[in-house]
Amino acid sequence: MIPQGSKNSRRKPDSTDKLTDGLFSGVLAIFIETGVSRKRLQVWQRRFEDLGGTILTAAANLLGRVDQIIILAAHEAALSKGINFDRLGSCPNLNFVQFRWVEECLKDGTLLSYEPFLLSASQDEHILSTDDSRLDAQSGPQSDQLYVTPALAIVPDGDLRACSEVVNEKRYDEVSEECTIDTKFKAICEDDMPDYNKHISRPLLELSEIYSDVLADEWRSLTYRKVANKLDRLPYQILSADEVKNIQGIGKSMVDKIKEILCTGQLQKLFNLKASSQVQIMQQFASVWGIGPKHALKLYQAGHRSLQDISEDQTLSPMARVGLKYHYDIALRIPQSEVSEAGSFVRHVLEDLCPGASIIVGGSYRRGNATCGDIDLLITHPDGHSHKGLLGRLVTKLEEAQFLITCPNPFTENITHKVNTYMGICKLPQYTHHRRIDIKIYPKQAYAFALVYFTGNDVLNRRIRYLAKKKGYKLSDQGLFLRVGDNKTGMASEVSIPCETEEEVFQKLGLPYPEPHERN
DNA sequence: AGGCCGTACTG
DNA sequence: CAGTACG
DNA sequence: GCCT
């Protein structure tokens, strides 16, 4: 009596196997961010890329491109706001398509015709507009605006309905109807949650950084950071320390510090530390990639007082030299769109080099953050062997393309083409800043574990690894291993418990599966 | 009192 | 080995 | 720093 394709077959063929080349492989798309909530946009973008699609940004140079490119937007009005038609006019293979097309493709499991979803752009006056404003200049700030613009607390019907559809589409596990709505409301609330407690979490986070950079106390640093994060996600403003004293992870001295902030508006301890010139200088030294608290102290004791000073120090590691050279750029946050574009850039090069290889942008990008500290790329090959020796060749190609920066120092040659890790600097031709980039390549059987690791965040990784240990396992980016001896000897089985997907990894640990955006 | 993640790389 | 880095 |  149950028709085929009913809710009993809730597991779509593609929904769990991200290695299988996706629905959207080879499809190039520009997502117009106007007129759609950030959350929905991210869900679509992630699904689209997970299934092999390539996302271009509106700022991408489309002139002379022969590829078929689709432009996805919420509605026609969004088209005119979100895109500069002067730039696109000369690109012949354009289709303007509703976001709904992506949803329907996902539901259907096949690539549908654009036809029913086409947006008419040709009627729009903007096409013929002679306005010569440069899109480069306006699209960056524009996409930033999207994130700082507070959305409505009460969501219009249409928005909520569409959100629910996305959730429905994603429910390859059982999700009841009311739960769906509930979850969606929650997600929306999170999206628009004000910074109720920043005035408290901020000093704690500063303390965390000083403990880590200057005082070399990893554990206090971690504790402060965890508490700061926890306060940031409280859905109410803390008015009294009583509201905080029962929170897991907040002990006596933390309560005292929160009290002090509530009473006096600041932390004396932090104030004193920040007043110390040694602390200031050491913190600046340690802000350089490749310089930690130990070396920062050494440099200070050697009499150095500025970055200028240490740049002449012969004891600097090659990594620190690179860190110093790009110190300014590295400190900048990277817009989501640029991270995405960097991923697409590498994806194209990789496709040429090693057809069938899969590449995913991990890190805070995959967790859906609006800006990222660096670019994390995760590569594998579904055939189980083509990944071998791939990194070296890829890095060479990317250096030839002048995407990866080949440094004159011994740094790149030394640290660089190791078996599975590249850590370095990159720059997209059309952008101005240099960015930190990490590329990792894993064999197929480690991919799910690597994806969990590379998605993070760091605190989540530590938590689930700790949990795994307590349950008699060892979890790493390479696998999940049964402990053989006791947990102290560190002995673990050679062979990992196989997992094909992230879902399986969490399931094996007895944890509910968190969506990437829930791993912050 | 003692743990708080597990790994890769450098020198 | 210690130090730094990655999530 | 917090937790057991």
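Protein chains get the first letters and strands the later ones, always in sequence-line order, with residue 1 at the start of each.
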For atom C1', what is the distance between C:dC1 and B:dC4, given to the nearest Å? 22 Å
Select from A:T223 and A:S317 the residue whose nearest nucleotide in DNA chain B is closer to the 5' end of that strand. A:T223
Considering only atom C1', compute the distance from D:dC2 to B:dT7 and round it to an integer number of Å. 25 Å
A:L460 near the nucleic acid: base, sugar-phosphate alone, or nothing, with a heavy-atom cut-off under 4.0 Å? nothing
Proximity to the side chain of A:D477 - top-ranked nucleotide from B:dC9, B:dT7, D:dG1: B:dT7
Which part of the nucleic acid, if any, lies within contact of A:K298, taking any heavy atom under 4.0 Å across all strands shown: a base, the sugar-phosphate backbone alone, or nothing? nothing
Please determine if A:E218 and A:R462 form a salt bridge, counting it only when a charged side-chain N lies under 4.0 Å from a carboxylate O. yes
When you check the phosphate oxygens OP1 and OP2 of D:dG1, does a side-chain N or O of A:Y211 lie under 4.0 Å from one of them? yes
At 4.0 Å (heavy atoms only), tell me whether A:K230 reaches a base, stays on the sugar-phosphate, or touches nothing. nothing
Look at A:K252 and D:dC3 and indicate whether a side-chain polar atom (N or O) is within less than 4.0 Å of OP1 or OP2. no
Under 3.5 Å, is there a donor-acceptor pair between the A:D232 and A:N197 side chains? no
Partner set under ring-ring contact (aromatic ring centres under 6.0 Å, His included) for A:Y300, not counting sequence neighbours: none
Just to be sure I understand the rule, does A:S364 reach a base, reach only the sugar-phosphate, or reach nothing, if contact means heavy atoms closer than 4.0 Å? nothing
Whole angstrom value for the distance that separates C1' of B:dG3 from CD of A:E218: 12 Å
Minimum side-chain heavy-atom gap A:Y513-A:V505 below 4.5 Å: no
Ring geometry between A:F403 and A:F345 (parallel below 30°, tilted from 30 to 60°, perpendicular above 60°): parallel
Distance check needed: D:dC3 P versus A:K226 NZ, whole Å only. 10 Å
Quick check on DNA chain B: between A:R462 and A:Q478, whose nearest nucleotide comes earlier from the 5' end? A:R462
With sugar-phosphate meaning primed atoms plus P, OP1 and OP2, does A:R436 contact a base, only sugar-phosphate, or nothing at under 4.0 Å between heavy atoms? sugar-phosphate
When the P atoms of C:dT4 and B:dA1 are compared, how many Å lie between them, rounded to an integer? 29 Å
A:R220 has an atom CZ; how far is it from atom P of B:dG3, in whole Å? 16 Å
Whole angstrom value for the distance that separates P of D:dC2 from CG of A:L207: 12 Å
Under 4.0 Å, counting only non-hydrogen atoms across every strand here, what does A:D217 touch: a base, just sugar-phosphate, or nothing? nothing
Grab the CG-P distance between A:L475 and B:dT7 for me, whole Å please. 9 Å
Which part of the nucleic acid, if any, lies within reach of A:V255 when heavy atoms closer than 4.0 Å are counted: base, sugar-phosphate only, or nothing? nothing
Using 0.5 Å steps for rounding, measure from the CG atom of A:L324 to the CD atom of A:Q308. 9.0 Å
Base, sugar-phosphate, or nothing for A:D458, non-hydrogen atoms under 4.0 angstrom? base
OP1 or OP2 of B:dT10 under 4.0 Å from side-chain N/O of A:R321: no
Measure from CG on A:L215 to C1' on D:dG1 and round the result to the nearest Å. 12 Å
Take atom OH of A:Y224 and atom P of D:dG1, then tell me their distance rounded to the nearest Å. 4 Å
Would A:K298 and A:D313 count as a salt bridge (charged side-chain N to carboxylate O under 4.0 Å, His left out) here? Give the steps. CA-CA 11 Å; A:K298 279 214 177 74; A:D313 192 298; over 6 Å; no
I'd like to check A:V279 versus A:K274 (side-chain heavy atoms, cut-off strictly below 4.5 Å). Are they in contact? no
I need the full list of salt bridge (charged side-chain N to carboxylate O under 4.0 Å, His left out) pairs touching residues 387-396 of chain A, with sequence neighbours left out, sorted by first then second residue. none
Which nucleotide span of DNA chain C, 5' end to 3' end, has atoms closer than 4.0 Å to non-hydrogen atoms of chain A? C:dG3 to C:dG7
Whole-Å distance between B:dT7 C1' and A:K474 NZ? 9 Å
